[in-house]
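Numbers restart at 1 for each chain; the letters A, B, ... are given by sequence-line order, proteins then strands.
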2 protein chains.
Amino acid sequence: MTAADVIEPREPKYYLVKRHLLELIESLEPGALVPTERELTATLATSRTTVRQALGELVGEGRLVRRQGSGTYVAEPKMTWPLQMTSFTEQAAANGFVAGARLLSAERMRGTGEAATRLRLLPGAYMYRIERLRLADDTPMAVETSHLSVARFPGLIKALRKSSSLYRVLEASYGVIPLTAEETIETRAAPPREAALLGTDTGAPMLVLGRHSFEADGTPVEWVRSWYRGDRYTFVARLTTRG
Amino acid sequence: MTAADVIEPREPKYYLVKRHLLELIESLEPGALVPTERELTATLATSRTTVRQALGELVGEGRLVRRQGSGTYVAEPKMTWPLQMTSFTEQAAANGFVAGARLLSAERMRGTGEAATRLRLLPGAYMYRIERLRLADDTPMAVETSHLSVARFPGLIKALRKSSSLYRVLEASYGVIPLTAEETIETRAAPPREAALLGTDTGAPMLVLGRHSFEADGTPVEWVRSWYRGDRYTFVARLTTRG
DNA sequence: CTTCTAAAGTGGACTAGACGAATCGAATGG
DNA sequence: CCATTCGATTCGTCTAGTCCACTTTAGAAG
């Protein structure tokens, strides 16, 4: 190892294109049109593939928006999304939005895999698998798949068709109030279905949020997995040192 | 709109390849070798570009590891990284690791941009910009860029060369204890420098964590931006309903 | 037997181009 | 004047290939 011990990264050509575009973006307003892929290919003396790689990353980071048949535009700034509360409905309200939900699917099935483990289901016990498109002011925000025990919440699906807030139903119909939750956050590429529902492209970077919520006595209530568009949202958590 | 109102996503060819590979991965152990890109190209009757797109997403999701000149392997499971505490050193300890840091750069500069605003610097006031590679058991975990006010913490850089824990220095030398923090989480593509430092590829999906910490009276202490490899870590936060 | 060297094989980066799908606007027909 | 059609233009997907960097391994040289 040399004395300096400095790693010298070599810059791929597409990254030069990306930096060029980033400068351009910063000189423009949201909504402004950027040059077409073929124009950039010509002016930057590269291939369209390379240009598209740079554009693709900028789209994934929420700096650009591509519209097939139309062009590529400077994107609006990202939205922040607070994580502090446990319910989507409360989160949306805290952010000044009206929360909504469109039921995509609801089924009863035998508990399997991670969901069954997290819900502490007995072998062979049934669970709900409820898939909903979460809306804020009627704009699709997330695809949410909830898992709950059938035995603990009989008739849940029927109740859910009337209210868009699962937590409100849990409290009103079953007297269950989740007090603590463990949230996991990771990055994933968008599957075709989630991409279509959220109006983005397959493979687009997503923030995947898992929520495992518990009652006061430690009984697990639900296990949810939510897909958010990574180009649209920045999650915010407020932390305090305990003790 | 039809009665069903169902969005029918069409699956790109690369996604079929991805699903095929995912099945293969699930039948193998971590460390196992998967077929070469050229083999997959032949057996799946597609182009190498398409195969590489599928492989690239699986690498970004932490399911595969590519080693140039060697091959592509099934990856070890992701690590979870708790967000609850405010200091990297404490986080690492809570996870059973010995935290470390390698100082990459430390400079005094005039406050500009977001950092100056968040630190509430007066116009023209100086700030530190300290860049460190954070290590857990000597493995690079994150690239961390901290900003602090020079006026509030004179001589900070010299103190930091002795201790790897910024928070310990702040408490011991200046009597400052950050009590609350606002953390932001988003996805970004790895720049060449961060990628090289963390041993991944330019453009790889990253989790970028911003921490804005405050004293009890609301005075801002520091503004940090940390880059974590998205293919390696899942963040975990433990939440409680307040009130 | 050990060490070195060269070749083969791997992933990494990039190119040039074909065709499809969506958009938009101009020309056309009513 | 309005609505429709159609074509040009845009991004979306996929192909086939080149050249490079790095690793591994087998063979040659000592």
Side-chain angles (χ1 to χ4, degrees), chain A residues 7-21 31-60 63-75 189-190 192 195-196 199-204 231, chain B residues 7-18 20-21 31-60 63-75 189-192 195-196 199-204 231:
Chain A
I7 300 174
E8 184 72 36
R10 59 174 236 312
E11 183 181 73
K13 188 170 183 179
Y14 95 85
Y15 207 84
L16 190 138
V17 176
K18 184 178 176 182
R19 286 196 291 108
H20 172 86
L21 285 166
L33 195 60
V34 303
T36 70
E37 295 177 353
R38 275 147 179 117
E39 274 173 14
L40 290 166
T41 299
T43 62
L44 299 175
T46 181
S47 70
R48 206 180 140 211
T49 312
T50 300
V51 168
R52 277 185 64 78
Q53 189 174 359
L55 288 170
E57 282 192 9
L58 289 164
V59 168
R63 307 300 302 264
L64 291 176
V65 174
R66 284 198 279 216
R67 283 213 291 276
Q68 185 176 359
S70 175
T72 306
Y73 304 84
V74 177
T200 187
D201 295 324
T202 301
D231 59 342
Chain B
I7 300 174
E8 183 73 33
R10 58 175 237 310
E11 183 181 73
K13 187 170 185 179
Y14 94 86
Y15 207 83
L16 190 138
V17 177
K18 185 178 175 182
H20 172 86
L21 285 165
L33 195 60
V34 303
T36 69
E37 297 178 352
R38 281 154 177 107
E39 274 173 14
L40 290 166
T41 299
T43 61
L44 299 176
T46 181
S47 71
R48 207 178 140 209
T49 311
T50 300
V51 167
R52 277 185 64 79
Q53 188 174 0
L55 289 170
E57 282 192 9
L58 289 164
V59 168
R63 307 299 302 264
L64 292 175
V65 174
R66 285 198 277 215
R67 282 213 292 277
Q68 185 175 0
S70 175
T72 305
Y73 304 84
V74 177
T200 188
D201 296 324
T202 301
D231 59 342

- Query: Should B/Glu57 and B/Arg63 count as an ion pair when the cut-off is N to O under 4.0 Å?
  - Reply: no
- Task: Quick one: label B/Arg67 by what it contacts on the DNA or RNA (base, sugar-phosphate, nothing), any heavy atom closer than 4.0 Å.
- Result: sugar-phosphate
- Rounded to whole Å, CG of B/Leu33 lies from P of C/dG9 at a distance of 15 Å
- Item | Presence of B/Thr72 side-chain N/O under 4.0 Å of C/dG11 phosphate oxygens OP1/OP2 | yes
- Query: Rounded to the Å, how far apart are B/Arg38 CZ and C/dG11 C1'?
  - Reply: 7 Å
- note: B/Glu39, atom CD; C/dT10, atom P; distance rounded to Å ~ 7 Å
- Query: Under 4.0 Å between a side-chain N or O of A/Ser47 and OP1 or OP2 of C/dT15?
  - Reply: yes
- For B/Thr72 and B/Thr36, run side chain to side chain contact (heavy atoms under 4.5 Å, CB included): C-alpha distance rounded to whole Å, both residues' side-chain angles, the deciding distance at 0.1 Å, then the answer. CA-CA 7 Å; B/Thr72 305; B/Thr36 69; over 6 Å; no
- Item | Distance, rounded to the nearest Å, where B/Glu37 contributes CD and D/dC22 contributes P | 16 Å
- Query: Closer than 4.0 Å, any side-chain N/O of A/Arg66 to the OP1 or OP2 of D/dG12?
  - Reply: yes
- Item | Gap between atoms CD and P, on B/Gln68 and D/dC19 respectively (whole Å) | 18 Å
- Item | Per A/Lys13 side chain, nearest of listed nucleotides C/dT23, C/dA22, C/dC14 | C/dC14
- Taken to the nearest whole Å, CG/A/Leu40 to P/C/dT15 is 13 Å
- Query: Is the distance from OP1 or OP2 of C/dG9 to the nearest side-chain N or O of B/Thr36 less than 4.0 Å?
  - Reply: no
- Message: Applying a 4.0 Å non-hydrogen cut-off, can you work out what A/Thr49 is touching in the nucleic acid: base, sugar-phosphate, or nothing?
- Response: base
- Return the nearest nucleotide to the side chain of B/Thr50; candidates are D/dT13, D/dT23, D/dT15. D/dT15
- Task: Run the salt-bridge test on A/Glu37 and A/Arg66 with the 4.0 Å N-O cut-off and return the result as yes or no.
- Result: yes
- Item | A/Tyr73 six-ring face occupied by A/Arg67 cation (under 6.0 Å, within 45°) | yes
- Message: In whole Å, I'd like the distance from the CG atom of B/Leu16 to the P atom of D/dT13.
- Response: 15 Å
- Task: Using atom CD of B/Glu11 as one end and atom P of D/dT13 as the other, report the distance to the nearest whole Å.
- Result: 12 Å
- Heavy atoms under 4.0 Å, any strand shown: does B/Arg48 hit a base, just sugar-phosphate, or nothing? base
- Using the closest heavy atom to pick a nucleotide of DNA chain C for each, name whichever of B/Asp201 or A/Tyr73 lands nearer the 5' end. B/Asp201
- B/Thr50 side-chain N/O to B/Thr46 backbone N/O, donor-acceptor pair under 3.5 Å: no
